[in-house]
Novice: 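The following block contains the structure, expressed as structure tokens.
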Amino acid sequence: MSRGLQIAIVGGGIGGLTTSLALRARGLSVTVFEQADELREIGAGVTIYPNAMLLLNRLGLADEIEKIGCPITGQVMRTSTGELINASTTPSTSIQSYNVHRADFLKLLANAQPKATLHLGHRLSGARETDGRVCLSFSNGATVNSDVVIGADGIHSALQREIGLKTYSSSEGIMAYRGLIPTDKLSWAKDIGGRMSRWIGKGRSFLCYPVSSGRLMNMVAFVPTNLDSEESWTAPGDLESLSSEYAGWDDPVLETIGALDSTFRWGIYDRAPLPYWCAGRAALLGDAAHAMVPHLGQGAAQAIEDGFTLAVFLEGAKPKDVSKRLKAYERTRLARTSQIQALARETGRFFRAEYDDVAERDRFIAKWMAANGQIRGHDAENAAKEALLLAKDSGSI
């Protein structure tokens, strides 16, 4: 009986942990290596749209996500002074979207990993392919041999470097302030339910949505900057500076800022699509492969789609098949993620504009909603199955 593939995942965030579960669901052997000594996320929200929730449902996580999440029931968009632009309800669907606290979601995914398969304190220092396997070395002195290595290690990916890639960040000329506020401290949010609230204005936008079963309001405020801000979510922000950015804006915006005890600042940078994601027995996913600005809320969802696609292509593969299977995964995902990266950029520019021509604004909203519907209606696992069959029929794998 032939030995099954041994797979190492570098990175224990949302993408890495979900990929681990998707691979295991198809009978593959997986070990996850995370550089941090403990799994933790600062206070921030993440949206799980239907294209991601569909896949997580198949892992049996729906009930747990329902416990920690706040169901999305619609979106309200206003100008900076409070004029209603658009109010929508979530389309009727059997797949419910959720806003969740990142820390709660990460804990859920970590707890779903089998015992002794998630190793903390392992920072990748090298990856070398030899004799049909990949030898990984870590800064703590550990070495591991695997048939496949998957880099789910984010925008500063060490595996990306090891396969000969280098990305160059370009600033959008904006930064974001993030924060969490108890919902009961906000008078405007008493009847918000699961709706997402967004205000757009010249050079700035302001987004709020409930997380932690509605107990907390997640705030993200995008403002212009000519400074180099860290691509970290943990850099402390200045509340007075945040407040001055939104002088004269709608009362709920000012009330939300006034209710903050602290805030974090986050530099927003873009990156061009990579020329390739895979080399030999190594593959990238999520932000390591296709970092995108956050204006569509699809970053985590696309990492989840990547993981399920990889699982389809690696199931039943022999060690000699790995390189071709990984390249087929890359071909399957590259066009979709590049399109979403581009739409996220365009969406950010829209959210930070004031339109004298209301018809022009409304045309973009209609286009944006149609594109979002297509993105959120995608079934990455089924798309991967179809792509695998075509690849087999063509003889490319």
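The basis for the numbers below is simple: all heavy atoms, side chains too, and nothing from hydrogens, waters or symmetry mates.
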Novice: Taking the side chain as everything from C-beta on, heavy atoms only, tell me whether Leu180 gets closer than 4.5 Å to His101.
Specialist: yes
Novice: Is Val76 isolated, or which residues cluster with it under the ILVMFWY side-chain rule of less than 4.5 Å, directly or via members?
Specialist: Leu84
Novice: Which value, rounded to the nearest 0.5 Å, describes the distance between Gln160 atom CD and Asp287 atom CG?
Specialist: 10.5 Å
Novice: Under 4.5 Å between side-chain heavy atoms, chaining through other members, with only Ile, Leu, Val, Met, Phe, Trp and Tyr counted: pull out the rest of the cluster around Met369, sorted by chain and number.
Specialist: Met77, Ile85, Ile200, Met292, Leu296, Ile340, Leu343, Phe350, Phe351, Tyr355, Phe364, Ile365, Trp368, Ile375
Novice: Which of these, Tyr177, Phe222, Tyr246, sits in a ring-ring contact (aromatic ring centres under 6.0 Å, His included) with Phe206?
Specialist: Tyr246
Novice: Hey, does the side chain of Glu255 reach the backbone of Ser187 with a donor-acceptor pair shorter than 3.5 angstrom?
Specialist: yes
Novice: I want to check something: taking the side chain as every heavy atom from C-beta on, are Thr117 and Val32 in contact at a cut-off of under 4.5 Å?
Specialist: no
Novice: Within the 4.5 Å heavy-atom criterion, are Leu274 and Leu284 side-chain neighbours or not?
Specialist: yes
Novice: I need the Ile48 CD1 to Gln96 CD distance, nearest 0.5 Å.
Specialist: 11.0 Å
Novice: Go through it in stages, so that I can follow the logic: the residues are Ser157 and Arg161, the test is side chain to side chain donor-acceptor pair (under 3.5 Å), and I'd like the CA-CA distance, side-chain angles, deciding distance and then a yes or no.
Specialist: CA-CA 7 Å; Ser157 169; Arg161 176 197 68 224; over 6 Å; no
Novice: Please enumerate all residues that pass ring-ring contact (aromatic ring centres under 6.0 Å, His included) together with Tyr98, with sequence neighbours excluded.
Specialist: none
Novice: Quick check on Lys166: does its NZ atom have over 12 non-hydrogen neighbours (other residues, nucleotides or ligands) under 6.0 Å away?
Specialist: no
Novice: Roughly how far, to the nearest 0.5 Å, is the CG atom of Asp306 from the CZ atom of Arg333?
Specialist: 4.5 Å
Novice: Treating Ile, Leu, Val, Met, Phe, Trp and Tyr as nodes and any side-chain heavy-atom pair under 4.5 angstrom as an edge, say whether Leu326 and Tyr276 lie in one connected cluster.
Specialist: yes
Novice: With Phe105, which of Val46, Leu61, Val211 fulfils side chain to side chain contact (heavy atoms under 4.5 Å, CB included)?
Specialist: Val46
Novice: Describe, in one word, how the ring planes of His290 and Trp277 are oriented to each other, choosing from parallel (under 30°), tilted (30 to 60°) and perpendicular (over 60°).
Specialist: tilted
Novice: Quick test of your reading of the model: are Glu346 and Arg349 salt-bridged, counting only N-O distances below 4.0 Å?
Specialist: no
Novice: Between Glu354 and Thr79, does the side-chain contact (heavy atoms from CB on, under 4.5 Å) criterion hold? Intermediate values first, please.
Specialist: CA-CA 8 Å; Glu354 283 185 338; Thr79 66; 5.9 Å; no
Novice: Are Glu360 and Arg363 ion-paired here, with the side-chain N under 4.0 Å from a carboxylate O?
Specialist: no
Novice: Can Gln302 and Arg336 be said to form a side-chain contact (heavy atoms from CB on, under 4.5 Å), step by step?
Specialist: CA-CA 9 Å; Gln302 291 310 301; Arg336 174 168 166 81; 3.7 Å; yes
Novice: Report the distance from atom CD of Glu381 to atom CZ of Arg26, rounding to the nearest 0.5 Å.
Specialist: 4.5 Å
Novice: Can you name the ring-ring contact (aromatic ring centres under 6.0 Å, His included) partners of Phe33, sequence neighbours left out?
Specialist: His119, His122, Phe138
Novice: Let me check something: do Leu109 and Leu120 share a hydrophobic cluster, defined by ILVMFWY side-chain heavy atoms less than 4.5 Å apart, either directly or through other members?
Specialist: yes
Novice: Measuring from Leu136:CG to Leu159:CG, what's the distance to the nearest 0.5 Å?
Specialist: 8.0 Å
Novice: What's the verdict on side chain to side chain donor-acceptor pair (under 3.5 Å) for Gln35 and Asp153, showing C-alpha distance, side-chain angles and the deciding distance?
Specialist: CA-CA 9 Å; Gln35 66 179 8; Asp153 49 346; over 6 Å; no
Novice: Would a 4.5 Å heavy-atom cut-off, applied to side chains only, mark Ile72 and Tyr209 as touching?
Specialist: no
Novice: Does the pair Asn218 and Arg178 meet the rule for a side-chain contact (heavy atoms from CB on, under 4.5 Å), with working shown?
Specialist: CA-CA 8 Å; Asn218 185 68; Arg178 304 193 72 120; 3.9 Å; yes
Novice: Just wondering, do Arg204 and Pro224 contact through their side chains at under 4.5 Å, heavy atoms?
Specialist: yes
Novice: If you look only at pairs with a residue in residues 384-397, which of them pass as a salt bridge (charged side-chain N to carboxylate O under 4.0 Å, His left out), with sequence neighbours excluded?
Specialist: none
Novice: Cys208 versus Val253: any side-chain heavy-atom pair under 4.5 Å?
Specialist: no
Novice: Pair Ser243, Glu240 - check side-chain contact (heavy atoms from CB on, under 4.5 Å), show working.
Specialist: CA-CA 5 Å; Ser243 182; Glu240 288 188 11; 5.7 Å; no
Novice: Taking Arg58 first and then Asp379, would you say they form a salt bridge - that is, a charged N and a carboxylate O separated by under 4.0 Å?
Specialist: yes
Novice: Quick check on side chain to side chain contact (heavy atoms under 4.5 Å, CB included): which of Thr19, Asp147, Leu314 does Ile7 satisfy it with?
Specialist: Leu314
Novice: With a 4.5 Å limit on heavy-atom distance, are the side chains of Ile9 and Leu23 in contact?
Specialist: yes
Novice: Quick one: salt bridge (charged side-chain N to carboxylate O under 4.0 Å, His left out) pairs with a partner in residues 105-131, sequence neighbours left out?
Specialist: Glu129-Arg281
Novice: Mind checking the OG-CD1 spacing from Ser262 to Ile181? Nearest 0.5 Å is all I need.
Specialist: 9.5 Å
